[in-house]
Colleague: 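For reference, the structure I am asking about is given below.
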Amino acid sequence: MASHRRPATSGCDRGAAALCVLSAAAAALGAVPAAHAAPRDSARAELDRLYAQAERATEDYDRADERADKLRHEVRDAQDHIARTQQRVNSLRERLGSLAGAEYRSGGIDPAVALLFSADPDDYLDKASVVDRIGTRQAGQLRELKGALRDLAQERAEAEGKLGDLERSRKAVAAHKRKVRERLTRARQLFDSLSAADRADYNRSSRSGRPGLTGLGDLDPRAAAALAAARSALGRPYVWGANGPSGFDCSGLMQWSYARAGVQLPRTSQAQRNAGHRVPLSQARPGDLVIYRSDASHVAMYVGDGQVIHAPHPGAAVRYDRVGMLPISAVTRP
């Protein structure tokens, strides 16, 4: 009878089977970092997105705050002008009142002169028969009073309009402030959820070494002064809505640095994009402004050696980074 024994597994076959098991285990182990990398990259991308949104909201806040500040000055000037015009009106009325009283006491005043004290002198001036009864001096002073009252009414109307604009601007500032805080709160929560190693990696990911800063002697004196000011701010914290000296947002750092050089830049990065003439990135010189993203929501100062200095985002200090850290939309030379 034939034997039906199971064939023995050769040493070679056993080795192959073991190799398959080890290979599968290695593949499984190798998949672990990739599995962790995907969420980490996703969190990183979300963090970048939230910081970008916060920066856009910060620029909107800066723009609204700048407008509110301008309106506050305009309202204050208008109120001062109204006070001076009102004083002029009061003085004219006193002069006319004194003159009318003197004429009345001398018996030379017509009862119609009482119209001088009315709130609307137009009726008086429109009555030719009455105008004929008063002297040239009174008529001139009355016309002056009429003009002053007209100016006063116009100035008050303009001031009311400015006050309305100021109130709307204040509401816009408050809305942008809420939006910034909301984005930053979400970004901070996400950042805090990362491991210590991932947080450290995120903070240093785009940074390069200290630039050489060569050839600065050939710079325009204003650019050199602005660059020196920006470098003096290294290590100071990012503070949204701030333009120094203890903290900065991105456009605030540029405005503060150039102010030290006697150059007044606009407050926002969108406006700073047009605060000079454009140059190609290949021709950028230290002191030039590098504008990022299509909406010009971030700005840095070129320092040479392929690097910039800027206020990056909340939680980070003013620092050097590589010029290509974000998509570049323009390079401007103030």
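None of the values given here were measured: they were computed from a predicted structure. Along the sequence shown, the residues carry numbers beginning at 1.
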Colleague: Do Arg285 and Asp288 meet the salt-bridge criterion of a basic N to acidic O distance under 4.0 Å?
Modeller: no
Colleague: In terms of side-chain geometry, is the basic nitrogen of Arg49 or Glu46 positioned less than 4.0 Å from the acidic oxygen of its partner?
Modeller: yes
Colleague: If we only count heavy atoms from C-beta on, is the Val299 to Val290 side-chain gap below 4.5 Å?
Modeller: no
Colleague: How many angstroms lie between atom CZ of Arg273 and atom OG1 of Thr268, to the nearest 0.5 angstrom?
Modeller: 9.0 Å
Colleague: Are the side chains of Ile291 and Val331 in contact, using a 4.5 Å heavy-atom criterion?
Modeller: no
Colleague: Rounded to the nearest 0.5 Å, how far apart are CD of Gln307 and CE of Met325?
Modeller: 10.5 Å
Colleague: Could Asp65 and Arg63 be called an ion pair, given the rule that one side-chain N must be under 4.0 Å from one carboxylate O?
Modeller: no
Colleague: So does Asp295 get a backbone contact from the side chain of Arg293, meaning a donor-acceptor N/O pair under 3.5 Å?
Modeller: no
Colleague: So Thr58 and Tyr238, do their side chains get closer than 4.5 Å, heavy atoms only?
Modeller: yes
Colleague: Considering all heavy atoms of both residues, which atom of Glu55 and which atom of Ala311 are nearest to each other, and what is their separation?
Modeller: OE2-O, 4.5 Å
Colleague: Under 3.5 Å, side-chain donor or acceptor atoms of residues 249-256 against the rest of the protein: list the pairs with distances, not counting sequence neighbours.
Modeller:
unit_1, atom_1, unit_2, atom_2, d
Asp249, OD1, Gly252, N, 2.7
Asp249, OD1, Arg267, NH1, 3.3
Asp249, OD1, Arg267, NH2, 3.4
Asp249, OD2, Gly241, N, 3.0
Asp249, OD2, Arg267, NH2, 3.1
Ser251, OG, Glu59, OE2, 3.0
Ser251, OG, Arg267, O, 2.9
Ser251, OG, Arg267, NH1, 3.0
Gln255, OE1, Asn243, ND2, 3.0
Gln255, NE2, Leu265, O, 3.1

Colleague: Classify the angle between the aromatic ring planes of Trp240 and Tyr61 as parallel (below 30°), tilted (30 to 60°) or perpendicular (above 60°).
Modeller: perpendicular
